[in-house]
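Being a predicted model, the structure only gives us computed values, none of them experimental.
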Amino acid sequence: MTSLRPNLVKRIERLPKPTNVASAMQPLFEAVSNAIHSTQERYKERVASDGRVIVTVNTSRNKHDVWATVEDNGYGLTEKNWEAFTTTDTDNKIEAGGKGVGRLIWLDCFQDIHVSSVYANGDGGRYKRSFKFRLALEDQLENLTVEEANDLPDSSFFVKFSGLRDNGYLANFPGRGTFVFQHLTSHFLPAFIGGRSPQVTVHVGDETRHYPSAISEIVHRNETPEPLETEEYGRLYLTLMECDKVASSDLKGRHFVHFIAHDRTVHSQCIDGKLGLAYFGNMSDRVFHAILTGEYLDQNVNQERTAFVFEDVIIDRMINDVCFLEIEGFLAEPLAILKGEQRDTIETITATYPSVAFGDVEELQNRVPSGELKADAIYGHLARERFRRDERQAEKIRYVLTRLKDGTANTDTFSAAIADASEAIENAEQRSLAEYVVRRKVVLDFIEILLEKVRDDTRDSSYQREDILHSFICPLRVKTIDGGGSKIEPAASHDLWIVDERLTFAQYFSSDVEFRKLSEAVESDERPDVLIFDYVHGLRQTEEPSKVLLVEFKRPGRTSYSDDENPQFQVERYVKQLQSGGLSDVRGRPISLDQNTVFYCYIVADIVGKMDTWTYSWQPTADGRGRIYRPNSGFHGSIELFGWDQLIGDARARNQAFFDKAGISGESFFSSS
C-alpha cells in the first residue's frame with residue numbers, strides 16, 4: 001500500500017506570519033511554556049520550590065546576532081517525549097493544551113536550532129540526546145547522538161535558537177531587552193501568579209529577573225473572586241490585579257482583560273473606553289489587568305494558540321456580562337472618583353439641554369457607560385435614551401387614541417388612559433420647552449457681552465462683524481445661484497424675539513438697501529457689519545401681510561449721524577417705497593402692499609447725541625425709557641425707539657418667568673464665576 005507523504009516545508013510556509021512583537025516572540029514563548037509544563041509534570045505540587053527554568057536572550061537594534069536559550073529541569077526527552085517530539089500533531093500534551101505545533105513554529109522563526117536533553121530510561125540509567133533541528137523535507141533531525149550520561153546529576157532539556165528568518169520574524173522581533181521583559185511578563189502573567197510556576201530566571205543582556213517574585217514588583221494588589229458560573233461559557237475563573245503602569249507600557253492601551261487558554265495568553269482586550277480611567281492611584285501610576293481562564297477558552301483556541309475560534313463579539317460579551325460587575329467592585333475607589341466627574345458633566349449638559357433630563361442625575365448616569373467622560377458622547381447616550389422613551393410614550397398615546405376611537409376604553413379605564421396620554425405629552429413637551437428657554441437665556445447673555453465689547457472699541461472690530469451679531473438678530477444669508485452669481489435669502493431661524501415677540505415667527509423679505517449690495521457686502525471681508533447697522537430690515541408673517549414689521553439697528557454707543565440718517569425720515573421713505581409696489585423681495589418677486597397695511601417699526605439705538613435730538617418731541621413709551629412716534633398720515637402704524645440696554649432688559653424681563661419656571665439661574669452663563 002502507498003501512503004500520503006507529508007510536506008513539512010510547505011506546511012510551515014503556510015503558518016501565520018507575525019505582524020507585531022508579541023507574535024514574533026511566540027516561538028520563544030512556546031519553548032518557555034514547554035519548559036514550564038515539563039517542570040509542572042515532574043514536580044507537581046513541589047514545582048514552585050523544585051522546578052527551574054533558565055531563559056537567556058541576546059538581541060540588538062540591528063538584530064544581526066539574535067539568539068536565545070531555554071533550559072529546564074523537567075523530565076527531558078524521555079522515550080515517550082521523544083516519540084511525541086518526532087511526531088507532528090501529537091496528542092501527548094493534549095490535556096495541557098499542546099497541539100504538536102510549537103516546535104514547528106520554531107522552524108518557521110529560526111534558521112539554527114540545537115537541542116540537548118538528559119533523561120532517565122526505564123532501568124534507572126541516564127542518557128543524553130543531542131541533535132540539530134532543521135527545516136527540510138526529510139531528515140529534520142541532523143547529527144542525532146545518544147550517549148550515556150550517568151555522571152550528570154539530573155535530567156534536563158536545553159535548546160538554543162539563532163538566526164531569525166526574514167519572513168516577518170526578523171522585522172518584528174524586539175531589538176531592546178526591555179521589550180523582551182515586558183512581553184514575557186505580560187504573556188506569562190497567569191502562569192506566574194497562579195502558584196504553579198517554577199522558578200524562572202531570565203537573562204537579557206546585562207539584566208536578570210527572577211519570576212514569579214519579579215511579578216510582585218508590578219502587581220500591587222490582586223483578588224480572585226469565587227468561580228463565575230455561566231450558562232453560555234461554563235465555569236470561568238477571574239483574577240483581578242492593580243499593577244504598576246509598566247505592565248502596560250508596551251501595550252496599546254492601559255487597562256486589559258487577558259483571555260488565557262492552557263496557561264497561555266491568547267488575547268488581551270483593552271477596556272480603556274469601557275472603564276474611562278486614565279492612570280489611577282495616589283501617584284497616578286496604576287493600571288488594571290484581569291486574567292480570565294476556563295475550560296470554554298481551552299477548548300476554543302486555535303492550534304497555534306494565537307487566537308480563539310469563536311467570533312470577536314464573544315470577547316465583549318464575556319467582559320460585559322460576566323466580568324464587569326467584579327471589575328467595578330475591584331476598582332470601586334477610582335471609579336467613584338470618575339463617577340463624580342461624570343456626574344458633574346451630566347449636570348452641566350442637562351442645565352443647557354433640559355430635553356435630555358428625563359430623570360434625576362442618578363438615573364441619567366445609569367444610562368451612560370461608567371467610564372464615559374466626553375460631553376458629546378454622554379449627550380449622545382442620553383439623547384438616544386430620550387428618543388427611546390419618547391417612542392414608548394408615543395406608542396402609549398397611539399394605543400390610547402386607538403382605544404378611544406374603537407370604543408374599547410370603558411368608563412373605568414377612560415380617565416386613566418387620558419391621564420397616561422397627557423402625562424406622556426407633558427413630559428416630552430416640558431423638556432423641549434426648557435431647552436428652548438435655556439437657548440434664549442444664552443442668546444441674551446451673549447449679546448450683552450457683545451454690546452460691552454462694541455462700546456469699548458469704537459473702531460471696526462471683530463465684535464461688530466456680521467458673522468457675530470448677524471447670527472443673532474439679522475436673519476440673512478447668501479445663496480449661490482446655478483449658473484453663477486448669488487442672492488440674499490432669509491435664514492432658517494433667527495432671534496428677533498429680542499426686539500418683539502411678534503417677530504418670533506416673522507420671515508425676512510426686504511431691506512432699504514439694494515439686495516445686490518447686500519450680497520456683495522456678505523461676500524466682502526471689509527465691512528460685512530453693514531448688513532446689521534444703519535439699514536431698515538423688513539419682516540412679515542404671511543405672503544399677503546396685513547402688517548409689516550420694520551427693524552433698524554444703529555451701532556451701540558454711536559452719537560453722531562449724517563443728516564440723511566434721521567430714523568423717522570429713513571423709515572418713512574422706505575414705507576413709501578414699499579407702498580408704491582416698485583420693490584422686490586429677497587426672492588426677486590414684486591412686493592405688493594396697500595394703504596391699509598399696518599407698519600410696526602422699531603429702531604434700536606442708544607438715545608444719545610443726534611438720536612436724542614431728532615426724537616426729542618416723540619412721546620415716551622409706557623415705561624418712560626423709550627420713545628414712540630405715531631404718524632397722523634401717510635401710513636398706519638408707529639415707530640418705536642429704544643436703547644440697547646432697554647432691549648436686553650425688556651427681553652430678559654419678558655422671559656424671566658420662563659427662566660424661573662425652568663429653574664434657570666438669573667446669573668449669566670458667561671460670568672467669571
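- For the pair S155/R42, a side-chain contact is recorded, criterion being any heavy-atom separation below 4.5 Å from C-beta on.
- Inter-residue side-chain proximity for F259 and I315 is flagged as met; some heavy-atom pair is nearer than 4.5 Å.
- With sequence neighbours excluded, the residues that form a ring-ring contact (aromatic ring centres under 6.0 Å, His included) with Y296 are Y233, F310.
- Formation of a donor-acceptor pair under 3.5 Å by the R165 side chain with backbone atoms of L107 is found in this model.
- Not a single side chain to side chain donor-acceptor pair (under 3.5 Å) links T69 to another residue, sequence neighbours left out.
- Taking every heavy atom of both residues into account, Y237 and P227 meet most closely at CE2-CG, 3.7 Å.
- Under a 3.5 Å cut-off, the side chain of H255 and the backbone N or O of Y279 do not form any donor-acceptor pair.
- Each side chain to side chain donor-acceptor pair (under 3.5 Å) pair with one or both residues in residues 169-178, not counting sequence neighbours, would appear here, but there are none.
- When all heavy atoms of G74 and D72 are compared, the closest pair comes out as N-OD1, 2.7 Å.
- Side chains of L297 and V266 form no contact here, defined as non-hydrogen atoms less than 4.5 Å apart.
- The closest side-chain heavy-atom distance from L275 to I327 is below 4.5 Å.
- In this structure the side chain of V159 reaches within 4.5 angstrom of the side chain of W106, judged on heavy atoms.
- Note: F188 and F192 have tilted aromatic rings, judged against thresholds of 30 and 60 degrees for the angle between ring planes.
- Between the side chains of S248 and H289, at least one donor N or O sits under 3.5 Å from an acceptor N or O.
- Partners of E333 according to the side chain to side chain donor-acceptor pair (under 3.5 Å) rule, which considers only residues two or more places apart in sequence or in another chain, do not exist here.
- Checking side-chain atoms of K63 against main-chain N and O of A171 turns up a donor-acceptor pair under 3.5 Å.
- Under the 4.5 Å side-chain criterion, counting only non-hydrogen atoms from C-beta, Q269 is in contact with D316.
- Note on ring orientation: taking the six-membered ring where Trp is involved, the planes of F110 and F173 are perpendicular (angle over 60°, cut-offs 30° and 60°).
- When all heavy atoms are compared, the tightest approach of I12 to K17 is O-NZ, 3.3 Å.
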- Message: side-chain contact (heavy atoms from CB on, under 4.5 Å), that's the test. Do L238 and L236 meet it? Break it down for me.
- Response: CA-CA 7 Å; L238 183 66; L236 296 173; over 6 Å; no
- Message: Show, in sequence, the C-alpha distance, side-chain angles and deciding distance for V180 and M25, and conclude whether the side-chain contact (heavy atoms from CB on, under 4.5 Å) test is met.
- Response: CA-CA 8 Å; V180 175; M25 295 189 70; 3.8 Å; yes
- I would like to know whether E326 and L228 meet side-chain contact (heavy atoms from CB on, under 4.5 Å); could you show each step before the answer? CA-CA 10 Å; E326 301 291 344; L228 307 173; 4.0 Å; yes
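- A search for ring-ring contact (aromatic ring centres under 6.0 Å, His included) contacts involving Y119 returns nothing, not counting sequence neighbours.
- Residues R209 and T185 have side chains that never bring a donor and an acceptor to within less than 3.5 angstrom of each other.
- For the ring-ring contact (aromatic ring centres under 6.0 Å, His included) test, residues two or more places apart in sequence or in another chain that qualify with F288 are F330.
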